[in-house]
Amino acid sequence: MNETLSLSALSALALGALAWTLPRARRRIALSRAKHRSLAGHSRMAQRVVSLIPGYAYDEARFFGSDDAPEPVRARRKEAFRRLCEDFARRWPASAAMTAQAREGLSDLRFTGSYRVPFQYAPYLSRHLKLGSFVRASSGVTVEDLDGNRFHDLTGSYGVNVLGYDAYKRCIAQAVEEAGALGPVLGVYHPALLDNLRRLREISGLDEVSFHMSGTEAVMQAVRLARYHTRRSHLVRFAGAYHGWWEDVQPGPGNPLPPRETYTLQDMSERALGVLRTRRDIACVLVNPLQALHANAAAPGDASLVDSSRRAGFDRTAYAAWLRRLREVCSERGIVLIFDEVFVGFRLAPGGAQEYFGVRADLVTYGKTLGGGLPVGVVCGRKALMKRFREERPADVCFARGTFSAHPYVMTAMRAFLQQLERPEVRALYDDLDTRWNAHADGFNRALAAAGTPVRVANLSTIWTVLYTRPSRYNWMLQFYLRAQGLALSWVGTGRLIFSLDYGDADMHAVRERFVAAARRMQEDGWWWDDPDRTNRGIRRGILREMLRQRR
């Protein structure tokens with residue numbers, strides 16, 4: 001009898017354990033399947049892979065022949081590279097000299113200078129090709145370096161420059177004039193804050209606002225508020241999306257700490273929605289609308305351009321439908337939906353991505369251009385989510401306060417920017433925005449195809465990326481040919497071109513002509529040597545074998 005009871009008890013315990021384990025196992029499997037299959041969706045694995053990649057550099061022979069091109073092609077490349085180096089040295093000696101001097105003590109410059117191209121090529125390139133990272137003036141859509149060279153600007157100041165540099169000069173001048181009497185008095189507010197508060201509430205469609213000093217800081221506060229009010233731990237981000245450089249939103253390469261309470265899921269995926277519907281620990285979902293251009297892929301940069309497999313494309317209807325479904329699931333599950341509009345805010349529409357895609361978030365973060373040329377971060381949100389304390393638990397607060405938040409000069413520059421945004425001539429820049437900029441991109445692609453070059457562009461409005469149609473290990477060289485043609489790119493090279501809205505037809509024609517000339521010259525110089533047997537997969541496998549040899 002006792003043995004029977006014991007067996008029954010054990011059976012009941014076993015069944016209970018199984019009943020408890022199976023749902024957890026199912027949720028765990030669903031989570032794994034919802035992650036993107038590449039390293040972009042598996043941050044822990046990505047960190048392990050990064051730790052295994054050995055550091056090594058190509059000598060001269062390998063620099064020009066890493067694709068095993070025949071000797072005549074290598075010789076043509078070497079001669080072309082020599083001419084390019086001489087051209088750079090002749091045209092911007094002062095800019096290059098100041099950059100070399102700053103590099104000795106400026107860690108930011110040493111980092112960006114080392115990651116313009118795939119790491120194997122960087123040492124040889126930096127010894128011979130001297131670049132300038134200093135400019136002294138901007139006017140219209142151009143910038144001028146220390147040697148008097150003018151470049152059409154395709155950097156967009158990393159997204160700040162939406163309206164054109166002249167507009168931000170006016171914002172800053174107005175800010176200095178209006179806040180000059182107060183100066184840097186902090187902790188209290190300049191009256192300009194009230195105008196900004198009113199306009200931001202109208203633009204965002206949300207109840208309250210808090211001011212910060214960077215986009216990264218604004219995202220940190222939005223996530224903290226979501227966790228505070230939901231009493232849940234985890235955030236969801238989508239594979240490849242960038243939300244600043246702090247730990248929870250940047251798992252994987254670039255972050256020395258492992259992810260702790262972050263799920264990185266597939267963008268535009270039914271499986272991701274399934275995870276949101278079934279888990280109980282998700283506080284918020286972070287969306288960077290820029291990912292509509294390259295869903296599930298990290299921000300493109302020439303430092304990672306080891307072959308021609310980069311892909312991009314934008315479908316506004318499909319991405320808007322995805323956001324609507326995401327909105328529905330978050331509402332059903334009490335999950336806070338956060339739009340990170342630090343980059344795209346005010347670029348796609350005067351009301352940002354919420355207006356452009358027709359979907360409302362619970363919290364929205366802004367930055368970059370909103371400061372009128374000065375540093376800023378902003379969180380807008382529903383009243384219930386923006387509250388930082390509980391009356392019933394007075395010691396339970398969600399602290400966020402920065403010394404320079406709502407700085408008088410930033411507030412007056414922001415007001416100047418928001419005032420400009422309301423002017424009819426600025427509003428006109430947004431009329432038929434997609435039609436106009438899609439036509440510019442189509443014109444580029446037709447011209448590149450007519451020139452017989454293996455280069456194309458894809459765009460999300462004024463944000464472009466360059467794609468390559470022929471397998472090659474040397475696509476990253478295009479950035480230097482573009483510079484030689486008077487086009488200024490950021491340190492990520494051809495991965496991202498950012499135009500300001502004040503680019504007119506004549507400016508775009510000039511950029512297109514220079515762009516095509518650069519691509520044609522690069523092709524003539526042998527960098528896109530055509531081997532019909534070469535594939536992107538073959539290139540990647542060859543690099544893997546090369547790395548394994550280096551580890552021995």
Side-chain angles (χ1 to χ4, degrees), residues 135-145 150-180 190 192-193 195-196 198-200 202-204 211 213-215 341-353 355-356 366-378 407-434 436-437 440 460-464 487-490 496-508 510-511:
V135 293
R136 66 183 179 189
S138 65
S139 177
V141 297
T142 65
V143 293
E144 181 180 327
D145 70 5
R150 300 193 71 82
F151 300 84
H152 279 79
D153 183 76
L154 306 184
T155 73
S157 285
Y158 296 98
V160 171
N161 185 15
V162 172
L163 301 182
Y165 288 125
D166 294 337
Y168 298 96
K169 289 181 186 179
R170 292 192 294 270
C171 288
I172 293 172
Q174 183 176 331
V176 172
E177 180 180 352
E178 292 181 356
H190 188 280
L193 182 143
D195 289 333
N196 296 335
R198 175 182 60 81
R199 287 187 171 94
L200 287 172
E202 291 173 355
I203 288 168
S204 68
F211 296 101
M213 285 306 295
S214 71
E341 296 202 40
V342 170
F343 192 95
V344 299
F346 310 100
R347 180 170 288 277
L348 301 179
E355 175 186 337
Y356 184 77
Y366 300 112
K368 294 191 184 291
T369 194
L370 180 57
L374 298 181
V376 73
V378 169
H407 190 288
Y409 287 90
V410 174
M411 289 297 100
T412 49
M414 183 186 296
R415 178 167 67 179
F417 170 80
L418 291 171
Q419 287 171 344
Q420 290 202 51
L421 202 62
E422 294 178 348
R423 292 176 181 168
E425 64 272 22
V426 173
R427 287 280 173 164
L429 295 174
Y430 292 95
D431 293 341
D432 297 319
L433 192 67
D434 280 356
R436 188 165 68 254
W437 282 94
H440 287 319
L460 166 57
S461 188
T462 56
I463 307 163
W464 294 23
L487 302 179
L489 279 66
S490 69
R496 183 161 294 158
L497 314 179
I498 308 171
F499 295 90
S500 49
L501 298 185
D502 62 332
Y503 260 91
D505 291 342
D507 298 317
M508 290 302 297
V511 171

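Nothing here was measured: the structure is a model prediction, and the numbers come from that model. Hydrogens, waters and symmetry mates play no part in the numbers below; they use all other heavy atoms, side chains included.
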**Prompt:** Could you walk me through whether D502 and D166 pass the side-chain contact (heavy atoms from CB on, under 4.5 Å) check?
**Reply:** CA-CA 10 Å; D502 62 332; D166 294 337; 5.7 Å; no
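- Looking at residues two or more places apart in sequence or on another chain, you find a side-chain contact (heavy atoms from CB on, under 4.5 Å) between I498 and F343, R347, R496.
- Residues passing the side chain to side chain donor-acceptor pair (under 3.5 Å) test with T412, sequence neighbours excluded: none.
- For S204, there are no side chain to side chain donor-acceptor pair (under 3.5 Å) partners two or more places apart in sequence or in a different chain.
- In this structure V344 satisfies the side-chain contact (heavy atoms from CB on, under 4.5 Å) test together with P289, L290, E341, L348, A353, I463, sequence neighbours excluded.
- Residues forming a salt bridge (charged side-chain N to carboxylate O under 4.0 Å, His left out) with D507 (at least two apart in sequence, or on another chain): none.
- L163 is listed as a side-chain neighbour of F417, based on a closest heavy-atom distance under 4.5 Å.
- D505 is linked by a side chain to side chain donor-acceptor pair (under 3.5 Å) to nothing, counting only residues two or more places apart in sequence or in another chain.
- By the side chain to side chain donor-acceptor pair (under 3.5 Å) test, S157 pairs with Y165, sequence neighbours left out.
- Residues passing the ring pair (Phe, Tyr, Trp, His ring centres under 6.0 Å) test with H190: none are found, sequence neighbours excluded.
- Atom-to-atom distance recorded for T369:OG1 and N161:CG is 7.5 Å, nearest 0.5 angstrom.
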Please output the side-chain donor-acceptor pairs of residues 421-430 that fall under 3.5 Å, not counting sequence neighbours, one pair per line with the distance.
| from | atom 1 | to | atom 2 | distance (Å) |
| --- | --- | --- | --- | --- |
| E422 | OE2 | R199 | NE | 3.0 |
| R427 | NE | L421 | O | 3.1 |
| Y430 | OH | F346 | O | 2.6 |

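- For E144, the salt bridge (charged side-chain N to carboxylate O under 4.0 Å, His left out) partners two or more places apart in sequence, or in a different chain, are R136, R150.
- When the side-chain contact (heavy atoms from CB on, under 4.5 Å) test is applied to M213, the partners found at least two apart in sequence or on another chain are E217, P375, F404.
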